[in-house]
Structure formats: C-alpha cells, structure tokens
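One structure is given below, encoded as structure tokens.
If you're wondering where the values come from, they're calculated on a predicted model, not measured in any experiment.
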Amino acid sequence: MTTRYQASRYDIERMLEGQPRYRIDQVWRGLYDELSDPADMTALPKDLRAVIDERLPRALELVTEHSADRGETVKFLWQLDGGSRIETVLMLYPDRATVCVSTQAGCAMACGFCATGQAGFTRHLTPGEIVEQVVRAAQRAKAMGRRVSNIVYMGMGEPLANEEAVWQSLERIHDDIGISARQLTVSTVGIVPGIKRLATRPLPVSLAVSLHAANDDIRDALVPINRRYPIQVLMEACGEYLEAKGRRLSFEWALIDGVNDRPSDAIELASLCRRFRVPAHVNLIPLNPTPGYAVRGSSRSHVYAFADQLIELGVNATVRRNRGTDIAAACGQLAAGQPVKVSLSNPPD
Ligand code: SAH
C-alpha cells in the first residue's frame, strides 16, 4: 500500500476510477496546496473523504512533540513503518519558517561528534516519508499562522546516500508544495559522486557541505568519509556544482574547542572558500553537546572571533543561532529519542 505523500497523481487517478476528473485535482490541491487531512477536504463528498483517508494512510505516526525558544522551535519525533524513529524540526524566524528534514533513520557516515552518526544506520526513508515531514511541520506552522518558506535537508541521515528518494522528494516539494529551488538546501558530508549527479539534475537547489576541517589530517579524523573523498576532490565537485547552478555554496563548520577553531584553521578555511568564482559562505555553529563525544564546543565569544577573522580574510561568515539545544533538537543532536545528555554544555564566555 502506498502512503499519503508517496502516492503519485496517477496513483490517485487510479484510486478514484469512476469519479469525475476534477476530483483528482481536488484531492491533489487538498493534499499539497491546502495541506489538509482527507477528513477536512470539504469539497469532496463524505464517503470519498473516508475512502482517501483509508487508502492513503499517513507514513508518520507522531510519538512526541517538544517545543523550545518560546514555541519558535518545534521538534517532532515520528515512528515509521517497521518501528524506526526519526525527527523533524520546525524553526520559526521573523522573516522565514524553516523545516529541517531527516532522510534516513540513523546514518552510516559515523562522524564522531554527531549524535545521529554515533547511533548508526537503520534504514533509508522513502520520498513520501520525507515529503510528509514537510507537510506535517507545515500544518503545525499553519496552525500558528505561519507558512513554511525553506526546507533544509539537515536532519538525521546523509541525503546523498539516499539520493533517488531525496531527489524525488525535492521535486514533489518544489512542484506541488511550491517551494522554490533556492529555498531548498541539501546538506552533505561530501559524497563526491552524489554532488556531481546533483549538478546535472534540473532543479538548482542550494548545496551545503559539512566541511568542519580544511586539511585532510583533521578532516579524516572528524568526518571519516574524507578518507574516500578528500578535500581537493570535494572542492572540485563543489566547483562543478557552482558552475552548473550559479548558486553560492555554503560550508558548515561546527567549532570544536582546540580542534578546528584556531587562527590557522580560519586561514586554511578562507583559502578554500576563496578558490571559487563566488566565494563560499561559511555557517559557523558552536559544537553542540552529544553523548558520545567528550570534546567541547568553542565558547560563543570565540565563535564570533573566528567569524571576524574569516570576514577580515574576505569570506562571508554567519554565526548560526543555536535552536533547540535544550530539547536536543540542534545540529547533530538528533538521535530519535535516544537520551542525549545536555549537561556537557559549551564553556561560558
Ligand atoms: N549528513 C548531512 C546532513 C546532516 S546536516 C551532512 O552531514 O551535511 C547536520 C549538520 O550538523 C551537519 O553539518 C553536521 O556536520 C552538523 N553537526 C553534527 N553534529 C554536530 C554537533 N554536535 N554540533 C554542531 N553541529 C553538528
């Protein structure tokens, strides 16, 4: 059986055989424009609503919902078919509302500082499971009078290790939910063949690379896949993406005390950013605490000093506001209900 946001228009057409054609449009609009549950699709006759509800079941069963930052960050824990669990985060800002989606239950990339990586890989998500995360979070936003404007593929999992499902979900989110390609960001640990293929796909989505280190010695230790796709090879693939899409790249950099936050790290990072026709943008995040990694994040003041140094070196850098650390919803803390000890906090300024 297909699920609600996995079903294609053709699947719905077949499901509604014998019904007038405009019913297909009504269902599709109900699902994607109005983000309605079938029971609320009042344009449809009641018995048809019941049929759709039954034959297009949801893929995500809500386990818990937590909010933080005065309700501006909401973390959803879902249970999937088969029992595995994933998380989705909705973040409301004054000028935008962003949904952070998971692409896998767990992750096989084994980055030691990331809670998802510490837990290992369980399974890939289907396109319908990815799209439904967006819809369910958007329904929640709508209830607060807000419209989701941005999607970041920065939840659990490595998007480019589940490429086809990610691609299909991007198309559905773009074509049917109506979010523009530049507001869709795929974040990768640096799977080079996946970046190259993404460069050949039609939608010019934004690309973020979780760099965290600007030389292979440090990156091999932090991000194990670097041993397969070292920095030079990764930078070439990034260059291809930039040339194909004309989109500025961004690099994610979680600042780890004494590991990648020294002045020499900023100098090396700046030179990587400046090798592109359009210099790459750096997103700085102080490392968030996770249970399996004893090293601390840099202090806030140090993060700002690092940002200043990059800016002096001619590189655009922004310090990410840390959303949802107290509910373990922040970058690298998603572990689907496994306990995340938050007592190991960042050092005070
Ligand atoms: N696998 C993809 C998508 C996950 S994005 C990727 O690696 O890009 C999640 C982001 O949070 C990545 O940039 C990741 O490196 C970063 N991250 C992981 N653990 C973190 C932590 N403990 N503190 C801050 N950022 C972390």
For this session: Could you tell me whether the side chain of Ser149 and the main chain of Ala97 form a donor-acceptor pair under 3.5 Å?
Result: yes
Exercise. Just how far is it from atom CG of Leu269 to atom NE2 of His212, taken to the nearest 0.5 Å?
Worked result: 11.5 Å
Problem set entry | Charged N-O contact under 4.0 Å between Lys75 and Glu65 | no
Problem set entry | Any Pro291 side-chain heavy atom under 4.5 Å of Gln118 side chain | yes
For this session: Check whether any side-chain heavy atom of Leu255 sits under 4.5 Å from a side-chain heavy atom of Leu287, and report yes or no.
Result: no
For this session: Give the intermediate values and the outcome of salt bridge (charged side-chain N to carboxylate O under 4.0 Å, His left out) for residues Glu268 and Arg274.
Result: CA-CA 10 Å; Glu268 284 179 324; Arg274 286 197 317 246; over 6 Å; no
Exercise. So do Met109 and Ile191 actually touch side chain to side chain, heavy atoms under 4.5 Å?
Worked result: yes
For this session: Would you check, one step at a time, whether the test side-chain contact (heavy atoms from CB on, under 4.5 Å) holds for Leu60 with Gln133?
Result: CA-CA 8 Å; Leu60 310 176; Gln133 292 173 64; 3.8 Å; yes
For this session: Only pairs at least two apart or in different chains count here, so list each salt bridge (charged side-chain N to carboxylate O under 4.0 Å, His left out) that has a residue in residues 104-127.
Result: Arg123-Glu129
For this session: Give the cluster check for Tyr93 versus Ile151: same hydrophobic cluster or not, with ILVMFWY residues linked at side-chain heavy-atom distances below 4.5 Å.
Result: yes
Problem set entry | Considering all heavy atoms, the nearest Gly332-Thr290 contact | O-CG2, 3.3 Å
For this session: May I ask you to decide if Ile218's main-chain N or O and Asn215's side chain share a donor-acceptor pair within less than 3.5 Å?
Result: yes
For this session: Using side-chain hydrogen bond (donor to acceptor under 3.5 Å, both in side chains) as the criterion, point out the one residue from Tyr5, Tyr32, Trp28 that pairs with Asp176.
Result: Trp28
For this session: Evaluate the criterion salt bridge (charged side-chain N to carboxylate O under 4.0 Å, His left out) for residue pair Arg85 and Glu61; output intermediate values, then yes/no.
Result: CA-CA 9 Å; Arg85 292 177 169 198; Glu61 187 195 322; over 6 Å; no
For this session: With side-chain contact (heavy atoms from CB on, under 4.5 Å) as the test, would you mind laying out the steps for Val205 and Thr185 before giving the verdict?
Result: CA-CA 6 Å; Val205 299; Thr185 301; over 6 Å; no
Problem set entry | No-hydrogen, no-angle side-chain donor-acceptor test under 3.5 Å, Thr325 and Gln333 | no
Exercise. Under the 3.5 angstrom rule, does the side chain of Asp69 hit a backbone N or O of Gly71 as a donor-acceptor pair?
Worked result: no
Exercise. Given side chains that start at C-beta, do those of Leu207 and Arg247 come closer than 4.5 Å, heavy atoms only?
Worked result: no
Exercise. Is there side-chain contact between Arg147 and Lys142, with heavy atoms separated by less than 4.5 Å?
Worked result: no
Exercise. Is a side-chain donor-acceptor pair under 3.5 Å present for Asn260 with Asp265?
Worked result: no
For this session: Ignoring hydrogens and angles, tell me if any N or O in the side chain of Glu240 forms a donor-acceptor pair with the backbone of Ala199 under 3.5 Å.
Result: no
Exercise. Given Ser210 and Glu252, is the side-chain contact (heavy atoms from CB on, under 4.5 Å) satisfied, shown in steps?
Worked result: CA-CA 5 Å; Ser210 297; Glu252 316 288 306; 3.9 Å; yes
For this session: Report yes if the distance between the aromatic ring centroids of Phe76 and His66 is under 6.0 Å, otherwise no.
Result: no
For this session: Starting at CG of Asp261, measure out to CG of Leu284 and round the result to the nearest 0.5 Å.
Result: 10.5 Å
Problem set entry | Nearest-0.5 Å distance, CZ of residue Phe251 to CG of residue Leu234 | 7.0 Å
For this session: Could you list all the salt bridge (charged side-chain N to carboxylate O under 4.0 Å, His left out) pairs where at least one residue sits in residues 95-121, not counting sequence neighbours?
Result: none
Problem set entry | Nearest-0.5 Å distance that lies between atom OG in Ser84 and atom CH2 in Trp78 | 14.5 Å
Exercise. How far apart are the closest heavy atoms of Leu160 and Gly194, and which atoms are they?
Worked result: CD1-C, 3.8 Å
Problem set entry | Audit row: Ile52, Leu44, side-chain contact (heavy atoms from CB on, under 4.5 Å) steps and yes/no | CA-CA 10 Å; Ile52 293 164; Leu44 303 178; 3.7 Å; yes
Exercise. Is Gln6 reaching over with its side chain to a backbone N or O of Gly128, donor-acceptor style, under 3.5 angstrom?
Worked result: yes
Problem set entry | Cationic N near anionic O, under 4.0 Å, Arg227 to Asp216 | no
Problem set entry | Within 6.0 angstrom of Asp11 CG, more than 12 heavy atoms from elsewhere | yes
Exercise. Any idea which heavy atoms bring Ala213 and Ile231 closest together, and the distance?
Worked result: O-CD1, 3.7 Å
For this session: Quick one: pull up CZ in Arg29 and OG in Ser36 and give me the separation to the nearest 0.5 Å.
Result: 11.0 Å
Exercise. Hey, are the side chains of Asp81 and Thr126 touching, using non-hydrogen atoms and a 4.5 Å cut-off?
Worked result: no
For this session: Can you measure from CZ (Arg248) to SG (Cys273) and round to the nearest 0.5 angstrom?
Result: 10.5 Å
Exercise. Is Tyr229 linked to Leu222 within one hydrophobic cluster, defined over Ile, Leu, Val, Met, Phe, Trp and Tyr using a side-chain heavy-atom separation of less than 4.5 Å?
Worked result: yes
Problem set entry | NZ/NE/NH1/NH2 to OD/OE distance under 4.0 Å, Arg4 and Asp37 | yes
For this session: Kindly work out whether a path of hydrophobic side-chain contacts (I/L/V/M/F/W/Y, heavy atoms less than 4.5 Å apart) joins Leu313 to Met235.
Result: no
Problem set entry | Flag, side chain of Asn162 to backbone of Thr103, donor-acceptor distance under 3.5 Å | yes
Problem set entry | Residue pair Arg323 / Thr73, side-chain donor-acceptor N/O under 3.5 Å | yes
Exercise. Do we see a donor-acceptor contact under 3.5 Å between the side chains of Tyr153 and Ser169?
Worked result: yes
Exercise. Any side-chain heavy atom of Met41 sitting closer than 4.5 Å to one from Leu31?
Worked result: yes
Problem set entry | Side chain proximity check, Leu184 to Ile179, heavy atoms < 4.5 angstrom | yes
Exercise. In terms of hydrophobic clusters joined by side-chain contacts under 4.5 Å, are Val135 and Val27 together?
Worked result: yes
Exercise. Can you tell me if His281 and Thr318 form a side-chain donor-acceptor pair at under 3.5 Å?
Worked result: yes
Problem set entry | hydrophobic_cluster_shared for Val315 and Val209, side chain cutoff 4.5 Å | yes
Exercise. Can you check salt bridge (charged side-chain N to carboxylate O under 4.0 Å, His left out) on Arg277 and Glu243, steps first, answer last?
Worked result: CA-CA 9 Å; Arg277 187 169 51 75; Glu243 290 318 315; 3.3 Å; yes
